[in-house]
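Numbering starts at 1 and runs along the sequence shown. First listed ligand is number 1; within each ligand, the first listed atom is number 1.
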Amino acid sequence: MAATVIDGKAFAVRIREKVAGHVARLKEEHGITPGLAVVLVGEDPASQVYVRSKGKQTAEVGMKSVEHKLDVDTAEADLLALIDQLNNDPEIHGILVQLPLPKHLDEDLVINAISPAKDVDGFHISNVGLLSTGQKSMVPCTPLGCLMMLRDHHGSLSGLNAVVIGRSNIVGKPMAQLLLGDSCTVTIAHSRTKDIADVVRRADIVIAAVGRPEMVPGDWIKPGATVIDVGINRIERDGKNKLVGDVDYASVSEVAGAITPVPGGVGPMTIACLLANTVTACARANGLSEPEGLTA
Ligand code: NDP
């Protein structure tokens with residue numbers, strides 16, 4: 001039987017509506033407008049698309065959207081000075097530096113220069129530590145979006161076997177932490193994993209975050225498993241440009257119980273969670289109670 005399609009696009013619309021409601025209340029009741037600053041260094045085409053999309057959606061929910069576009073050869077000191085200025089700007093509640101950065105910039109240094117309270121991507125070492133010790137933190141947007149879809153689909157995740165393919169700091173590792181937090185039995189697979197097909201076949205939940213087009217075939221999937229495809233890969237097929245995930249959708253959707261499509265799965269949820277994190281950061285910064293029901 002064909003898998004249930006988990007519609008991330010529709011889910012993201014519901015989150016954005018809730019975010020817009022919270023933004024309106026913050027304005028009406030407290031005279032505060034949440035503000036998100038996005039910093040883009042260089043002209044990577046995919047990053048430009050993401051930044052445009054983030055700016056548009058930020059404005060659509062009624063938040064202040066600020067974009068800083070810097071030259072590809074911007075000096076590290078200048079980028080750090082901009083971050084310092086944003087850290088001290090009371091109208092900015094969230095700061096996002098679009099990754100990847102050009103090679104001459106130290107990504108860790110730059111991310112850790114962002115005030116943890118404004119780190120709406122959840123990549124600052126303080127937020128990483130808080131998440132991994134189960135404390136209140138800013139949760140990275142992509143894994144958060146995946147967790148929300150999983151909770152929505154399964155209800156409780158307790159006791160399920162989850163395999164995360166990929167161990168990056170921005171997706172794989174925080175995803176594993178979140179699943180552990182929900183009492184899954186978690187395995188992280190990566191490029192050195194032996195017999196990866198067998199490892200993945202044991203999973204009730206598979207998260208593919210690899211960056212290799214259609215790498216996961218249907219015969220790696222346990223019948224009925226839930227498959228979350230984080231990958232965004234641009235390929236050319238039949239003379240046309242196409243977006244595909246890290247999962248071979250055609251064969252996997254024949255075996256899985258549920259699957260996220262690409263596009264229309266994890267991608268829209270990521271931006272919706274970014275907006276939700278910004279509203280949360282704004283409420284915390286102003287000593288207000290945190291918006292309820294926005295995220296997982
Ligand atoms: P990275 O390149 O940082 O990490 C990729 C991971 O995949 C690494 O841990 C690597 O292992 C592992 N890997 C590579 N090849 C294999 C293989 N053959 N078998 C098993 N594991 C392998 O990527 P990201 O985590 O940043 O992104 C992953 C994907 O998710 C990309 O397609 C990216 O575009 C997409 N993405 C989508 C987002 C969204 O909003 N939907 C947001 C962020 C990313 P090792 O560590 O051993 O090298």
Side-chain angles (χ1 to χ4, degrees), residues 6-9 11-12 15-16 38 40 44-54 56-57 96-101 103 107-108 111 120-123 128 139-150 162-179 186-203 206-217 219-221 227-235 241-249 252 259-277 295:
I6 299 178
D7 188 346
K9 201 170 166 189
F11 202 149
I15 298 173
R16 288 203 302 273
V38 176
L40 173 64
D44 175 65
S47 294
Q48 285 179 326
V49 173
Y50 297 142
V51 167
R52 248 199 316 277
S53 186
K54 285 166 187 169
K56 185 166 166 276
Q57 293 190 31
L96 179 152
V97 177
Q98 184 67 42
L99 302 178
L101 288 171
K103 292 273 175 286
E107 231 163 65
D108 289 337
I111 289 167
V120 280
D121 251 344
F123 297 158
V128 174
V139 179
C141 305
T142 299
L144 178 57
C146 296
L147 183 75
M148 289 178 75
M149 289 191 284
L150 285 169
V163 172
V164 180
I165 318 176
R167 55 173 163 179
S168 72
N169 289 339
I170 65 173
V171 189
K173 284 180 197 158
M175 187 73 247
Q177 291 288 357
L178 288 175
L179 291 166
V186 183
T187 304
I188 306 180
H190 46 79
S191 67
R192 306 293 174 87
T193 298
K194 293 200 175 87
D195 302 325
I196 192 165
D198 287 344
V199 172
V200 176
R201 242 177 245 127
R202 288 199 289 270
V206 179
I207 313 277
V210 187
R212 290 181 183 264
E214 300 172 331
M215 188 192 89
V216 179
D219 65 2
W220 287 18
I221 302 298
V227 179
I228 305 287
D229 191 350
V230 180
I232 302 177
N233 307 289
R234 288 171 173 77
I235 61 159
N241 291 323
K242 226 180 154 238
L243 272 191
V244 297
D246 291 340
V247 161
D248 175 33
Y249 190 87
V252 170
I259 185 168
T260 58
V262 177
V266 176
M269 287 296 285
T270 296
I271 303 187
C273 288
L274 171 70
L275 303 178
N277 277 353
T295 54

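Closest non-hydrogen pair, Asn277 versus Val139, comes out as ND2-O, 2.9 Å. Taking both residues in full, the closest heavy atoms of Ile170 and Pro140 are given as O-CB, 4.2 Å, listed atom of the first, atom of the second, then distance. Nearest heavy atom pair, residue Met269 against residue Ala12, reads SD-N, 3.7 Å.
Protein residues are said to neighbour a ligand when one of their heavy atoms lies under 4.0 Å from it; for ligand 1 these are Thr142, Ile165, Gly166, Arg167, Ser168, Ile170, Val171, His190, Ser191, Ile196, Ala209, Val210, Gly211, Arg212, Met215, Val230, Gly231, Ile232, Asn233, Asp246, Val266, Gly267, Thr270.
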Derivation of the side-chain contact (heavy atoms from CB on, under 4.5 Å) call for Tyr50 and Thr270:
CA-CA 11 Å; Tyr50 297 142; Thr270 296; over 6 Å; no

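Put simply, the side chain of Asp246 gets close to the backbone of Arg212: a donor and an acceptor are under 3.5 Å apart.
Scanning for side-chain hydrogen bond (donor to acceptor under 3.5 Å, both in side chains) contacts around Arg201 gives Asp198, with sequence neighbours left out.
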